[in-house]
Amino acid sequence: MFIATLVLSALLAVAFVGAGASKVAGTKAMVEAAESHGFTKGHYQVIGLLEVAGAAGLVIGLWWAPLGIAAAVGLTLLMIGAVVVHVRAKEKFAMAAPALVLAILSAVALVLRITTA
């Protein structure tokens, strides 16, 4: 079971570092996305920092379970919030799908980390 936790945590960390880094860097696409959802660039950068911190927490949490659990909870809640933002904006499902998938995978990582702690 720990191998599944390791693999999923690593894959999620890569995904969240990629998404978070582009928000922190303030790329043009991310600034446009932020504005279209009613966020400032600064708010979006904070979200990016939370994603990167969550990714780090998943990886470090492989050695210290409480941090991994906390990171998985935080990322799950963050992605649920992202889904809500997409739904409120009345966007097509395809726009919310990545956040939904990441929310589900983060929840799975949470369950796995709890069961292997």
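Keep in mind it's a predicted model, so treat the numbers as computed, not measured.
Interatomic distance, CZ of F39 versus CD1 of I47, reported as 4.5 Å (0.5 Å rounding). Taking CG from L105 and CG from L75, the interatomic distance works out to 11.5 Å, rounded to the nearest 0.5 Å. The line from CD1 of I80 to CG of L102 is 12.0 Å long, rounded to the nearest 0.5 Å. Atom CD of E32 sits about 9.0 Å away from atom OG1 of T27, to the nearest 0.5 Å. Here the CG atom belonging to L112 is positioned 11.0 Å from the CG atom belonging to L6, to the nearest 0.5 angstrom. Separating the OH atom in Y44 from the OG atom in S22 is a distance of 8.5 Å, to the nearest 0.5 Å.
The nearest pair of heavy atoms linking T116 to F2 is CG2-N, 3.8 Å. Nearest heavy atoms, Q45 versus K23: CG-O, 3.2 Å. Nearest heavy-atom pair, A117 versus A65, reported as atom, atom and distance to 0.1 Å: CB-CB, 3.8 Å. Taking all atoms of both residues into account, the shortest heavy-atom contact from L12 to L58 is CB-CD1, 3.7 Å. In this structure, G26 and V31 approach most closely via the heavy-atom pair O-CG2, 3.5 Å. The two atoms that bring A13 and A55 nearest to each other are O-CB, 3.6 Å, heavy atoms only.
Residues I60 and L11 fall into different hydrophobic clusters, defined by Ile, Leu, Val, Met, Phe, Trp and Tyr side chains chained together at heavy-atom separations under 4.5 Å. Linking Ile, Leu, Val, Met, Phe, Trp and Tyr residues whenever their side-chain heavy atoms come within less than 4.5 Å places V87 and F93 in a single cluster. Under the 4.5 Å side-chain heavy-atom criterion for Ile, Leu, Val, Met, Phe, Trp and Tyr, W64 and L8 are members of distinct hydrophobic clusters. Put simply, M79 and L50 are part of the same group of oily side chains (I, L, V, M, F, W, Y) that touch within less than 4.5 Å, one to the next. Under the 4.5 Å side-chain contact rule for hydrophobic residues, F16 and V73 do not share a cluster.
Taking the side chain to side chain donor-acceptor pair (under 3.5 Å) definition, one finds that T115 meets it with nothing, sequence neighbours left out. By the side chain to side chain donor-acceptor pair (under 3.5 Å) test, E91 is found to be paired with H37, H86, residues two or more places apart in sequence or in another chain being considered.
Counting only distance, with no hydrogens or angles, the side chain of R113 and the backbone of G61 share a donor-acceptor pair below 3.5 Å. In this structure, the side chain of S36 engages the main chain of A33 through a donor-acceptor pair within 3.5 Å.
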